[in-house]
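Here is how names work: the chains are called A, B, and so on, in the same order as the sequence lines, proteins then strands, and each is numbered from 1.
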Amino acid sequence: MAILEVKGVNKRFGGLQALGDVNLTVAENSVHAIIGPNGAGKSTLLNCLVGKLVPDTGSVMFDGQSVLGRKPHEINQMGISRVFQTPEIFGDLSVLENVMIPCFAKRDGAFRMHAIESVGAEKELAAKAMQMLEDVSMAEKHDMHAASLSRGDKRRLEMAMCLVQDPRLLLLDEPTAGMARADTNNTIDLLKEIRDKRDITMAIIEHDMHVVFSLAERITVLAQGTPLVEDTPENIKGHPKVREAYLGEAQV
Amino acid sequence: MLGLTKKDGTLFIAVVLLTVLAPFILNPFPENSAMAQFNAGYPDLMQRFVIFGIFAMGFNILFGLTGYLSFGHAAFLGVGSYATVWMYKLLSYNVLPGLVLAIIVSGLFALLIGYISLRRSGIYFSILTLAFAEMSYRIAFSDLLGRFVGTTITNGETGLQVYSNDPQILLGQNGIEATHFFGFEMGASRILEMAGWSFTFNFGFYFCAVIFMAMFYMTIRIFRSPFGLMLRSVKSNQQRMNYTGVNSKPYTLAAFVISGMYAGLAGGLLAAMDPLAGGERMFWTESGAVVLMTILGGAGTLLGPILGAGFIKYFENIFSKINDNVLHSWFAFLPDGMENFMVTIIHPFVGKGWHLTLGVLFMLIVIFLPGGLVEGGQRIGRLFGRKKSEAEPKPGAIKPAE
Ligand SMILES: Nc1ncnc2c1ncn2[C@@H]1O[C@H](COP(=O)(O)OP(=O)(O)OP(=O)(O)O)[C@@H](O)[C@H]1O
Ligand SMILES: [Mg+2]
């Protein structure tokens with residue numbers, strides 16, 4: 001069963017064809033990697049999925065419903081969470097608060113007027129958020145100012161913020177960029193565990209081939225805004241067109 | 001206590017004590033001493049402290065939490081005053097109906113202005129609110145609305161006041177001809193003379209003070225609520241918020257309306273102390289003043305706006321009273337040339353020049369204490385080696401449930 005279906009999506013920025021006739025199908029409960037050289041249009045594609053951009057033509061269906069024309073918060077409430085290429089977190093808030101906000105959004109919806117209740121009384125949500133922080137081994141940093149975290153920790157925090165919502169589709173834009181080797185391996189283990197334990201579909205953009213080949217079941221190669229091939233990791237490794245367009249320079 | 005954490009409860013009790021004892025605290029100098037002119041414990045000024053404290057507290061819910069800088073909040077202050085005076089004209093001098101109406105009308109007005117202004121953010125939002133407030137000011141001053149309905153609404157430049165031919169249907173035969181709360185007159189005062197000191201206990205002040213404390217309590221609750229957390233995340237990263245499934249629009253609009261209602265209540269209280277409402281209450285300088293109060297005290301903190309309001313009102317009322325005669329009397333002990341020299345130097349900073357002093361202080365505070373007076377207090381606290389303040393979490397920080 002396909003949970004995400006992208007059909008004939010085009011996106012132009014002035015004279016630049018950022019996406020040209022993109023078709024992509026992501027099967028439910030699979031890990032689908034999207035790779036391609038810099039400027040291939042990978043992030044642009046994700047932007048079209050979460051309502052940050054609206055494609056010029058084409059359709060984007062999530063679980064049988066179109067996401068086009070919906071606002072970002074509505075798309076999130078449908079069950080899509082996204083980790084950005086540059087970490088998007090609440091820098092002014094504590095690490096724990098960062099994780100509690102998505103918990104509130106998940107429980108209370110896009111808006112709820114809860115001005116008299118106390119955040120301190122939300123023991124259940126706080127416990128859930130703490131558990132999530134534990135899972136990404138950041139529990140001991142829970143009362144740190146999020147802005148003061150290292151780049152790698154910011155990424156892990158953002159991942160925790162997305163995962164705590166139990167999304168059906170998790171979009172990850174280079175989740176290990178800027179991480180030390182050990183952290184990258186931890187992230188791979190975390191994503192593997194999540195893939196195995198939860199009903200979750202992941203679409204992951206990554207330049208690090210070690211991460212891609214450790215996780216992905218299907219890989220789409222994007223070049224100059226158009227999908228070149230889509231196949232299993234084994235076949236992608238040996239594909240001559242891919243080697244030429246992308247992997248040749250990446251030194252697998 | 002009262003659903004507050006221990007720390008917030010302590011803060012609340014401290015503010016309650018300071019407010020209740022204000023007539024003593026603000027009058028530290030004996031009546032006949034040279035320093036008596038620095039006393040601030042007279043009813044008119046004390047009322048202003050708490051009323052503008054409410055105004056700034058509400059403004060802080062919008063600006064301090066969400067980061068949206070409104071330059072038009074005086075419009076709501078003015079609307080609150082007009083609504084209250086209208087209730088005097090129609091019903092009686094009891095302030096209760098007026099205050100209720102002030103909150104309702106300013107809330108509706110804020111809903112309208114907020115709905116339109118919040119379509120933009122940053123500087124464009126600020127300009128829109130400024131434009132709306134200027135329009136309101138012009139409309140009030142020219143009584144434009146009144147011309148449409150055929151009777152006066154704001155009474156133009158004269159300002160709205162009660163006339164003897166007003167209906168005042170609840171006034172009765174020999175009703176009270178001054179603002180009151182179920183018979184207790186706002187102007188009523190008791191004076192306590194004590195060995196050279198003189199303390200004034202004014203009903204109007206205590207009436208405002210009780211409302212002020214209630215509003216402070218409500219503000220703490222809002223700050224510590226999930227709603228308050230959402231407002232802080234609007235300021236921190238609105239994009240992340242939207243991609244987290246939260247619709248930031250209704251949150252900011254709610255904050256705008258709530259802060260408009262605080263302003264309306266403050267405006268109503270001004271009219272409760274003095275049954276007049278004029279267009280100048282909506283002038284942009286009033287909107288600017290509440291911005292200064294909040295930043296000066298510490299935007300986003302619980303105590304900051306209250307301190308800022310007190311600070312500015314104190315300057316406005318005390319420094320402005322120091323004229324050359326006073327200065328000469330201070331420096332009379334110096335030789336004549338020196339005396340004149342000192343007076344000339346200080347002259348531009350006092351009396352009508354109090355704005356200059358305030359401006360300089362504001363600059364110094366913004367440059368050296370970006371967190372305002374509250375940050376200054378925290379630094380002093382740390383200086384005196386109270387380790388506690390280091391471990392103190394940021395305002396609104398939450399503890400894990402363990
Ligand atoms: N909002 C925008 N306006 C104009 N051009 C844009 C915009 N967003 C992306 N582009 C351009 O579209 C092309 C694709 O960009 P995109 O960010 O999708 O690439 P990418 O595959 O994510 O690359 P990278 O691996 O560097 O992240 C680039 O040439 C980029 O400059
Ligand atoms: Mg990218």
### Query
side chain to side chain contact (heavy atoms under 4.5 Å, CB included) with Leu149(A): which residues, sequence neighbours excluded?
Val95(A), Met138(A), Lys141(A), Met144(A), Asp153(A), Lys154(A), Leu157(A)

### Neighbour count >12 (heavy atoms, 6.0 Å) for atom CZ, Phe368(B)
no

#### Entry: Option in Lys249(B), Met218(B), Met230(B), Arg221(B) with maximal non-hydrogen atom pairs under 4.5 Å from chain A
Arg221(B)

### Message
Taking side chain as everything from C-beta outward and backbone as N, CA, C, O, which of these in Ile258(B) sits under 4.5 Å from a heavy atom of chain A? Side chain, backbone, both or neither.
### Response
side chain

### Query
Ion pair present between Arg12(A) and Asp56(A), side-chain N to carboxylate O less than 4.0 angstrom?
no

### Message
Taking 4.5 Å as the heavy-atom cut-off, does anything in residues 66-84 of chain A contact chain B, and if so which residues?
### Response
Pro72(A), His73(A), Asn76(A), Gln77(A), Arg82(A), Val83(A), Phe84(A)

### Message
Could you check whether atom CD1 of Ile123(B) has more than 12 heavy atoms from other residues, nucleotides or ligands sitting under 6.0 Å from it?
### Response
no

### Query
Hey, is the main chain of Leu190(A) close enough, under 3.5 Å, to the side chain of Glu193(A) for a donor-acceptor pair?
no

### Message
Testing the 3.5 Å rule here: is there a donor-acceptor pair between the side chains of Gln85(A) and Ser43(A)?
### Response
yes

#### Entry: Sub-6.0 Å ring centroid separation between His73(B) and Phe256(B)
yes

### Message
For Ile89(A), which atoms come within 4.5 Å of any heavy atom of chain B: side chain, backbone, both, or neither?
### Response
backbone

### Query
What about Tyr262(B) and Phe55(B), are their ring centers closer than 6.0 Å?
no

### Message
For chain B, which candidate among Asp108(A), Ile101(A), Asn98(A) shows the most heavy-atom pairs at distances under 4.5 Å?
### Response
Ile101(A)

